[in-house]
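A quick write-up on the structure given underneath.
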Amino acid sequence: MCGIVAYIGKREATPIVLDSLKRLEYRGYDSAGLTVEQEKRGPFVARVAGRVGKLEAKLVGATLPGTVAIAHTRWATHGAPSERNAHPHGDCRARIHLAHNGIIENHAALRATLIANGHRFSSDTDTEVIVHLVEERFRGTLEDAVEAALRELRGTWAIVVLSADDPGKIVAARNSSPLLLGVGSGEYLLASDASAVLASTKKVVYIEDGEMVTVTREGFRITNVDDAELRRRLVEIPWTLQEAEKGGHPHFMRKEISEGPEVVENVMRGRVRGGEVKLGGLETVSKRLDHVERIVLTAMGTSYHAALLGELFFEELAGIPAEVEYAAEFRYKRAPLATRNTALFAISQSGETADTLAALREAKRKGMLTIGIVNVVGSTVARETDAGLYNYAGPEIGVASTKAFLSQVVALLLAAIFLARGRAMGEREAQELLEALIRIPDAIRSLLKEENEIRALAKRFAHYENALFLGRKWSYPVALEGALKLKEVSYLHAEGYNAAEMKHGPIAMIDERFPTVAVVPDDSVRDKTLSNLEEIRARNGPIFAIATRGDRGVSSIADGVISIPRTHEILSPLLAVVPLQLLAYHIGIARGCDVDKPRNLAKSVTVE
Ligand code: F6R
């Protein structure tokens, strides 16, 4: 989820790309860099570990009259967030420079071949192989070299490339990572999203997967993989500059919910192959994992809710006894833990949550194998665990966690299937589940199209002051998460309960002013939950339900239903949580709340 930008025109390029980079910083901000083409002195490169502001400070006083530049702000995936890993990356002679967003899956094999051919690498990134490949294929024309190099890559990319040996030109290409061309008057910009070009132009061409664009001051040429020239329409961006920073969404929270499909694809990428799960991040500890007899999952907040699902996955799929502990409790409990052959999973979006870190350190002290499920690369939890998986959800800016939850649940599911090898899970069962998982991004896409109905439901809901969220088994953690989201962003009091537990106390609250949100997909406990809902109906409590499309039983007793597509029951949380996130978002908006920065909260809780 990096941000890339490039400029070619008549104006001095440096201030333009720096300004654009700042607008892309939400996509990642652990390092930044730029390359400016200079006619006589060769390419000028500046890179820093840290934010765009630091790069700007580094350039104060520099004379950079060049009018062609590429720039990048990074969210580390391969290689620590350091200056040496910051983009742009150069070839062996520092003549060709390249910035990249995406992941090159076959980088290890390409790197080995390139090194054998005499190339010298200077970073730990997957990206650097591309620039050396372009160097290898360069015969005087940059676009031909890039085209040849692209044929050898597997993975995802948006790239911008320039070369001192073919000056006055930028070549860019896209495969599954966003890229657009901004067309100004006598100038062109390339960028990851429209926010980065809006200060110069509102006219853009969206570059599609498999396309390459060659830009000079005189014009641009878009070609496809067969080198056929494509005629593309200019599109007018309908947003203001301010709106565009959120990619056209009014809030980061909504933007991040809408990224759900992409997030699920990212966490699976390269890990689900031929009906099997391959987790490079766990290979180093695979021998110890083979002997694991017990799993403890620890986390806080939304990550804790993902951990509750993780517990079910490990027990149901891998047959390994598992339990979830609030990280804040784990540290202070003197529970008799058999620490040998126990693995602790620490789940944290930020990787910096103080409670989770403390639990992790305690587990290490006790000699447990520690595994991180972390979104922020290079964060403390990621560094201090023995092994782990990154979620690759990209930067989450909205304070209420949404897309990170989805990616945590998928990462835990993959870890459970990985551990289930040779244990409780058969090959066919794994294959069926993975096939269903691959269909989840499209199912989420279809759900996101139902936003108008969810908005309408939110309007009916917004005047209440309390709400109960209910679910059983797979849907119980989802109910907890739905309630947490709602209270965070709307300040409406909401409690998540197990649907069966409800009649052991909370039912006393139910009347016509106390609504229930029931998560009741068509799974093995659906009938039981339905009976619990009858108990609420009998007491005149309004019921809003998340149910499987076409479930007449639920719609006959609920006052409002949001339908989700049918899926494998283990995967239903991935679909049920999305409408709950949207419901919380729209109720928050209807109640006039700052959904991106709810009062009293911070994105990363670094105190215990
Ligand atoms: C809720 C939320 C928090 C975090 C919690 C743990 O929307 O964002 O509850 O989930 O503070 O944070 P991480 O996952 O960064 O450890």
Side-chain angles (χ1 to χ4, degrees), residues 75 251-257 259-260 263 267 297-310 324-331 344-361 363 370-385 388-412 469 477-492 494-496 577-578 580-585 587-588 593-608:
W75 193 80
H251 300 94
F252 282 111
M253 182 177 178
R254 183 162 177 275
K255 173 173 183 290
E256 285 159 9
I257 296 170
E259 285 170 359
V263 159
V267 66
L297 299 108
T298 196
M300 300 299 288
T302 289
S303 301
Y304 175 85
H305 298 151
L308 290 173
L309 284 164
V324 185
E325 290 276 7
Y326 276 117
E329 293 292 303
F330 177 82
R331 186 180 178 193
L344 176 116
F345 278 72
I347 299 129
S348 174
Q349 187 283 129
S350 62
E352 304 296 346
T353 299
D355 291 316
T356 309
L357 257 174
L360 163 64
R361 289 173 181 157
T370 57
I371 293 169
I373 305 271
V374 176
N375 193 34
V376 178
V377 174
S379 58
T380 315
V381 172
R383 288 198 309 274
E384 293 195 10
T385 36
L389 297 183
Y390 282 121
N391 319 0
Y392 297 134
E396 195 177 57
I397 295 168
V399 166
S401 185
T402 52
K403 63 175 179 172
F405 176 80
L406 274 184
S407 64
Q408 287 167 336
V409 175
V410 178
L412 283 162
F469 280 65
V478 179
L480 296 183
E481 178 57 10
L484 176 63
K485 263 333 58 113
L486 185 58
K487 62 185 133 192
E488 280 180 303
V489 303
S490 74
Y491 316 143
L492 191 156
E495 293 301 331
V577 78
V578 175
L580 291 184
Q581 293 171 343
L582 278 172
L583 186 69
Y585 169 78
I587 293 175
C593 301
D594 181 351
V595 291
D596 276 347
K597 293 196 190 72
R599 68 186 180 205
N600 307 338
L601 298 181
K603 187 69 192 155
S604 177
V605 185
T606 52
V607 288
E608 272 192 66

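If you're wondering where the values come from, they're calculated on a predicted model, not measured in any experiment. We count ligands from 1, going down the list as the structure has it; atoms in each ligand are counted the same way.
- Here the CD1-OG1 distance, from Ile257 to Thr402, works out to 5.0 Å after rounding to the nearest 0.5 Å.
- Remark: Ile397 CD1 to Glu256 CD distance equals 6.0 Å, nearest 0.5 Å.
- Less than 4.0 angstrom separates some heavy atom of Ser303 from each of these atoms of ligand 1: 10 (O), 13 (P), 14 (O).
- In the vicinity of Gln349, heavy-atom distances shorter than 4.0 Å reach the ligand 1 atoms 13 (P), 14 (O), 15 (O), 16 (O).
- In this pair, His251 and Tyr585 present their aromatic rings perpendicular. The plane angle is above 60°, beyond the 30 to 60° band.
- The distance from ligand 1 to the heavy atoms of Ser348 drops below 4.0 Å at these ligand atoms: 13 (P), 14 (O), 15 (O), 16 (O).
- Polar contact check, Lys485 against ligand 1: a nitrogen or oxygen pair lies under 3.5 Å apart.
- Look at Lys403 and Glu396 and you find no salt bridge, because none of the NZ, NE, NH1 or NH2 atoms lies under 4.0 Å from a carboxylate O.
- Using a 4.0 Å cut-off to heavy atoms of Glu488, the atoms of ligand 1 that qualify are 1 (C), 2 (C), 7 (O).
- Neither the backbone nor the side chain of Glu352 has any atom closer than 4.0 Å to an atom of ligand 1 (non-hydrogen atoms only).
- Within ligand 1, counting atoms from 1 as listed, the ones closer than 4.0 Å to a heavy atom of Ser350 are 13 (P), 15 (O), 16 (O).
- In this structure, Asn375 does not count as a contact residue of ligand 1, since none of its heavy atoms falls inside 4.0 Å of the ligand.
- In the vicinity of Val399, heavy-atom distances shorter than 4.0 Å reach the ligand 1 atoms 8 (O).
- Here the straight-line distance linking atom CG of Asn391 with atom CG of Asn375 works out to 4.5 Å at 0.5 Å rounding.
- Checked options Glu488, Lys485, Gln349, Gln408; the residue passing with Thr302 is Lys485 (criterion: side-chain hydrogen bond (donor to acceptor under 3.5 Å, both in side chains)).
- Taken to the nearest 0.5 Å, the CG atom of Leu412 stands 6.5 Å off from the CG atom of Leu297.
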